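Worksheet: one structure, shown below.
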There are 2 protein chains.
Amino acid sequence: MHENKYLAIYHDLVSRIRRGEWKAYDKLPSENELAVRYRTSRETIRKALNLLSEHGYIQKMKGKGSIVLDVGKYDFPVSGLVSFKELAQTMKQPVRTIVHELGVIKPDAELRQQLRAASKDEVWKVVRVREIGGERIILDKDFFLKKHVPLLTKEICEDSIYEYLETKRHLPISFAKKEMSVDEATEEDRRYLDLNGDDRVVVVKNYVYLNDATLFQYTESRHRLDKFRFVDFARRK
Amino acid sequence: MHENKYLAIYHDLVSRIRRGEWKAYDKLPSENELAVRYRTSRETIRKALNLLSEHGYIQKMKGKGSIVLDVGKYDFPVSGLVSFKELAQTMKQPVRTIVHELGVIKPDAELRQQLRAASKDEVWKVVRVREIGGERIILDKDFFLKKHVPLLTKEICEDSIYEYLETKRHLPISFAKKEMSVDEATEEDRRYLDLNGDDRVVVVKNYVYLNDATLFQYTESRHRLDKFRFVDFARRK
DNA sequence: GAGTGGTCTAGACCACAAG
DNA sequence: TTGTGGTCTAGACCACTCG
């Protein structure tokens, strides 16, 4: 596995910033200077710096230079498609995933409509509970078209389905839509989660599209109200 | 006013796609072909195509080419910085904004910290309630550094502060961070909103930064649980 | 005027897809 | 094998900031 030069430079700069080589509001070396240091061309440095900028590590200012931001700590990917495993890594609490259901089903009418599936299409259904600090906080229900994902095991589900799909199967995931609202808790929520008497949950619906613009995955994530937290970092065009 | 070459090409391609010169799933001419047509270099064409891709107009595929996506469906602005006025326009219900407070204050310690303000800085405080279908649903509290916004009137606040700042004052807004959680309702929430006995609200905290990386606006938006809704659209890198 | 980031060029080599 | 998009280079000119 060989990493692109501009990605290698990006990752090197990220780790240097995180290690505190430059503090917030410090100026980065100029693009010409960096090109010399990394023995590369300025355009390649610029690709790395643009990545840093898109991920909130630096702010570029024409005629002045690039300064390091103190928002670099929000290192989760710019909004959308955030997986539980990524979130878990940023938390101190011990986390655990319990797989309650894993199998292939025939989609009913509503699900068919949401996945734009034919009636003969088969669909993976996965129900998982996310435990944080010993409490059952999140109920995740995932639905995939089986033609896109032939194999899915309990082990994969306990780790990160999203990571598996991205790195192992190289599915051409293109974009995602997220919808959030607060809904009445269902019987299922009460069974699987420690709701402490709450009668509502935060519902996050996630639609993942492949790059031919067909819907491939539908996920419903149901969170206990008091533990729900969502952060979004948006850069202006 | 002179437009960059790659921006001009981007806008030309957008209008051609919108006029139907290529339909959904058609292949765009190759980068080399486009470079010839526009009498420019391939790297400049690539900057234009990357913009098209980021804005959801095309999907690039290595070794194959770029296909045009179904434009009509995914044309809403990429997540973040969505104003109430925009949201309101997509709703059927009649909406109204009531300004409860509008003035300049001396920030207390907590607010100073959040705005990174000096103790002598003055701060605009605006408290507004958003009424939808006759019910008071959202409580908005905005804080701006006065040095950035000399004038703010009741009329501006009843329309859209965000639009005013963007179009009239041309502030160099760079990026925004959004945090969402569910909090206990305060006495203020109960006074200003029709909570129907609810003891919690969805709290959206919005931090808006200028492009010198200084925080310029802090907004706290407090929503009734049952009316809260948030949509986010994220394109993969 | 010196230094910065933003744009643009003309070429090169690569990995990938498809006939 | 041919054509595609992805990366990389070494140079150029520009607009901007600041002393």
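Values in this document were obtained by computation on a predicted structure and should not be read as measured data. Below, chain A is the first sequence line, B the second, and so on; all start at residue 1.
Here A:S30 reaches the OP1 or OP2 of C:dT4: one of its side-chain N or O atoms lies under 4.0 Å away. Residue A:S66 places no side-chain N or O under 4.0 Å from the OP1 or OP2 atom of C:dT4. Contact check, B:K27 against D:dT4: no side-chain N or O comes under 4.0 Å of OP1 or OP2. Between B:K64 and D:dG5 there is no side-chain polar atom (N or O) within less than 4.0 angstrom of OP1 or OP2. Residue A:K5 has no polar side-chain atom (N or O) positioned under 4.0 Å from OP1 or OP2 of D:dT7. Dashed line: the shortest gap from a side-chain N or O of A:Y6 to OP1 or OP2 of D:dC8 is not under 4.0 Å.
Atom-to-atom, CG of A:L51 to C1' of D:dG6 comes out at 14 Å; the value is rounded to the nearest Å. Atom CD1 in A:I58 sits about 15 Å away from atom P in C:dT4, given to the nearest Å. Between the P atom of D:dC14 and the CG atom of B:N4 lies a distance of 14 Å, rounded to the nearest Å. Regarding A:E33, its CD atom lies at a distance of 15 Å from the C1' atom of C:dG5, rounded to whole Å. Per the geometry, CG belonging to A:L34 stands 12 Å off C1' belonging to C:dT4, to the nearest Å. One atom, CZ of A:R42, and another, P of C:dT9, lie 16 Å apart when rounded to the nearest Å. Between the CG atom of B:N32 and the C1' atom of D:dT2 there is a distance of 12 Å, rounded to whole Å. The distance between atom CD1 of B:I9 and atom C1' of C:dT9, rounded to the nearest whole Å, is 13 Å.
Distance from the side chain of A:K60 is smallest for C:dG5 among the nucleotides C:dG5, D:dG6, C:dT9. Checking C:dT7, D:dC8, D:dG5 against every side-chain atom of B:E43, the shortest atom distance belongs to D:dC8. For A:R46, whose side chain is taken as the heavy atoms from C-beta onward, the closest listed nucleotide among D:dG11, C:dG5, D:dC8 is C:dG5. Side chain of A:K62, nearest nucleotide from D:dC16, C:dA15, D:dC8: D:dC16. Distance from the side chain of A:E31 is smallest to C:dG5 among D:dC8, C:dT9, C:dG5. Relative to the side chain of B:S41, the nucleotides C:dT7, D:dC8, C:dC8 differ in distance, and C:dC8 lies closest.
Comment: A:R128 engages A:D142 in a salt bridge, judged by a side-chain N to carboxylate O separation of less than 4.0 angstrom. Ion pairing between A:D140 and A:R130 holds under the 4.0 Å rule for side-chain N and carboxylate O.
At a threshold of 4.5 Å between non-hydrogen side-chain atoms, the residues B:L34 and B:I9 do not count as touching. Side-chain contact between A:Y10 and A:S15: absent, with no pair of heavy atoms (C-beta onward) separated by less than 4.5 Å.
Both cation-pi conditions hold for A:K47 and A:Y6: the charged atom is under 6.0 angstrom from the six-membered ring centre and inside a 45 degree cone around its axis.
Nearest-nucleotide positions on DNA chain D for B:P29 and A:T44 put B:P29 closer to the 5' end.
In this structure, A:D12 contributes its side chain and A:A8 its backbone to no donor-acceptor pair below 3.5 Å.
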